[in-house]
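Note sheet for the following structure.
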Amino acid sequence: YARRVAEIHPWVGAAVIAVCACAAFLGGIRYWRGRGAGTITTHLLSLAQTLLVAQVAIGLLLLADDRRVADELHYAYGAMALGVALVPWFYAPERGPRRLLWFTGTTAVAGALAIRAYMTGAG
């Protein structure tokens, strides 16, 4: 079981990076054009957050099995990526274009932090 979890962790990490990039790009275009989030953008932003939660949960399972990475910054980048992605739930306006901007911007930052976590995770 632990070996399978360790094998899936980098794949979910790559998915986090790809989905965050796509969601941030599409959300940025929709905001720039003055349109609402739309169904696809909303689903991509939600999927990015879901994948981040899943990735952190998988990482915690690996830690519980005493599997650690050499660079401890990996844990900081992973935790910050999840934290940044959750920030708009507390601070974004309830509706309007600025809400989309909050979710898009924090997803872009979370994706950048996920890239750093991916880079520091290779042992």
Side-chain angles (χ1 to χ4, degrees):
Y1 134 83
R3 194 180 88 223
R4 286 188 182 153
V5 172
E7 289 172 359
I8 199 169
H9 193 58
W11 288 100
V12 176
V16 165
I17 293 166
V19 171
C20 281
C22 290
F25 179 75
L26 189 58
I29 287 178
R30 302 243 352 150
Y31 176 78
W32 183 60
R33 290 185 175 174
R35 299 184 180 166
T39 306
I40 293 174
T41 305
T42 302
H43 288 307
L44 278 173
L45 290 167
S46 298
L47 179 59
Q49 291 178 348
T50 303
L51 286 172
L52 278 161
V53 170
Q55 182 69 336
V56 170
I58 292 168
L60 290 173
L61 286 173
L62 291 170
L63 276 174
D65 194 45
D66 208 26
R67 293 177 179 244
R68 305 201 184 285
V69 294
D71 192 346
E72 291 188 5
L73 277 175
H74 178 77
Y75 308 117
Y77 286 127
M80 285 188 288
L82 178 60
V84 165
L86 298 179
V87 161
W89 290 105
F90 301 103
Y91 297 107
E94 287 190 34
R95 56 182 56 89
R98 293 201 64 214
R99 183 170 179 84
L100 173 60
L101 184 61
W102 267 87
F103 277 92
T104 299
T106 56
T107 299
V109 173
L113 289 165
I115 291 170
R116 288 299 299 147
Y118 194 88
M119 292 170 64
T120 57

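Being a predicted model, the structure only gives us computed values, none of them experimental.
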(request) Going by the side-chain contact (heavy atoms from CB on, under 4.5 Å) test, name the single residue among Leu63, Val53, Val12 that passes it with Ile58. (result) Val12
(request) Look at atom CZ of Arg68 and say whether more than 12 heavy atoms of other residues, nucleotides or ligands are closer to it than 6.0 Å. (result) yes
(message) Can you tell me how far apart OG1 (Thr42) and CG (Leu47) are? Round to the nearest 0.5 Å.
(response) 12.5 Å
(request) Give a yes or no on this: more than 12 heavy atoms of other residues, nucleotides or ligands lie within 6.0 Å of atom CG of Leu73. (result) yes
(request) Please list all pairs passing the salt bridge (Lys or Arg N to Asp or Glu O under 4.0 Å) test where one or both residues lie in residues 2-19, with sequence neighbours left out. (result) Arg3-Glu7
(request) Report the distance from atom CG of Leu60 to atom CG of Asp65, rounding to the nearest 0.5 Å. (result) 12.5 Å
(request) Compare all side-chain heavy atoms of Tyr118 with those of His74 and state whether any distance is below 4.5 angstrom. (result) no
(message) If I take atom OH from residue Tyr31 and atom OG1 from residue Thr104, how far apart are they, to the nearest 0.5 angstrom?
(response) 9.5 Å
(message) Could you report the tightest heavy-atom contact between Pro88 and Thr106, atom names first, then the distance?
(response) CG-OG1, 3.1 Å
(message) Strictly by salt bridge (Lys or Arg N to Asp or Glu O under 4.0 Å), give each pair with a member in residues 15-37 just once, sequence neighbours left out.
(response) none
(message) Applying a strict under-4.5 Å side-chain criterion to I, L, V, M, F, W and Y, I'd like to know whether Leu113 and Val16 cluster together.
(response) no
(request) State yes or no: do Leu61 and Ile8 share one hydrophobic cluster built from I, L, V, M, F, W and Y residues joined by side-chain heavy-atom distances below 4.5 Å, directly or via other members? (result) yes
(request) Report yes if the side chains of Thr107 and Val19 come closer than 4.5 Å at any heavy-atom pair, otherwise no. (result) no
(message) Between Val56 and Leu86, is there shared hydrophobic-cluster membership here, with clusters defined by ILVMFWY side-chain heavy atoms closer than 4.5 Å?
(response) yes
(request) Would you give the length of the straight line joining atom CZ of Arg116 to atom CG of Asp71, rounded to the nearest 0.5 angstrom? (result) 8.0 Å
(message) To the closest 0.5 Å, what do you measure between CZ (Phe103) and OG (Ser46)?
(response) 8.0 Å
(message) For a quick test of reading the model, state the closest non-hydrogen atom pair linking Ala85 to Ala110 and the distance between them.
(response) CB-CB, 4.1 Å
(request) Might you point out which heavy atoms bring Leu52 and Cys20 nearest each other, and give the distance in Å? (result) CD1-SG, 4.3 Å
(request) May I ask whether Met80 and Tyr75 are part of the same hydrophobic cluster, defined by side-chain heavy atoms of I, L, V, M, F, W, Y residues being less than 4.5 angstrom apart, directly or through others? (result) no
(request) Could you tell me which non-hydrogen atom of Gly111 sits nearest to which non-hydrogen atom of Ile17, and how far apart they are? (result) O-CG1, 4.4 Å
(message) Would you say CZ of Phe25 has more than 12 non-hydrogen atoms from neighbouring residues, nucleotides or ligands within 6.0 angstrom?
(response) no
(request) Determine whether Met119 and Tyr77 make a side-chain contact, defined as any pair of heavy atoms from C-beta on separated by less than 4.5 Å. (result) no
(request) Could you pull out the closest heavy-atom pair between Ala81 and Ala114, with the gap in Å? (result) CB-N, 4.2 Å
(request) Calculate, to the nearest 0.5 Å, the distance between atoms NE2 and CD belonging to His9 and Gln55 respectively. (result) 4.0 Å
(request) Report yes or no: do Leu101 and Leu44 belong to one cluster of Ile/Leu/Val/Met/Phe/Trp/Tyr joined by side chain heavy-atom distances under 4.5 Å? (result) yes
(message) Does the Lys NZ or Arg CZ of Arg95 fall within the cation-pi geometry relative to Trp102 - under 6.0 Å from the ring centre and within 45° of the axis?
(response) no
(request) Taking the side chain as every heavy atom from C-beta outward, state whether Thr120 and Val69 have any pair of such atoms under 4.5 Å apart. (result) no
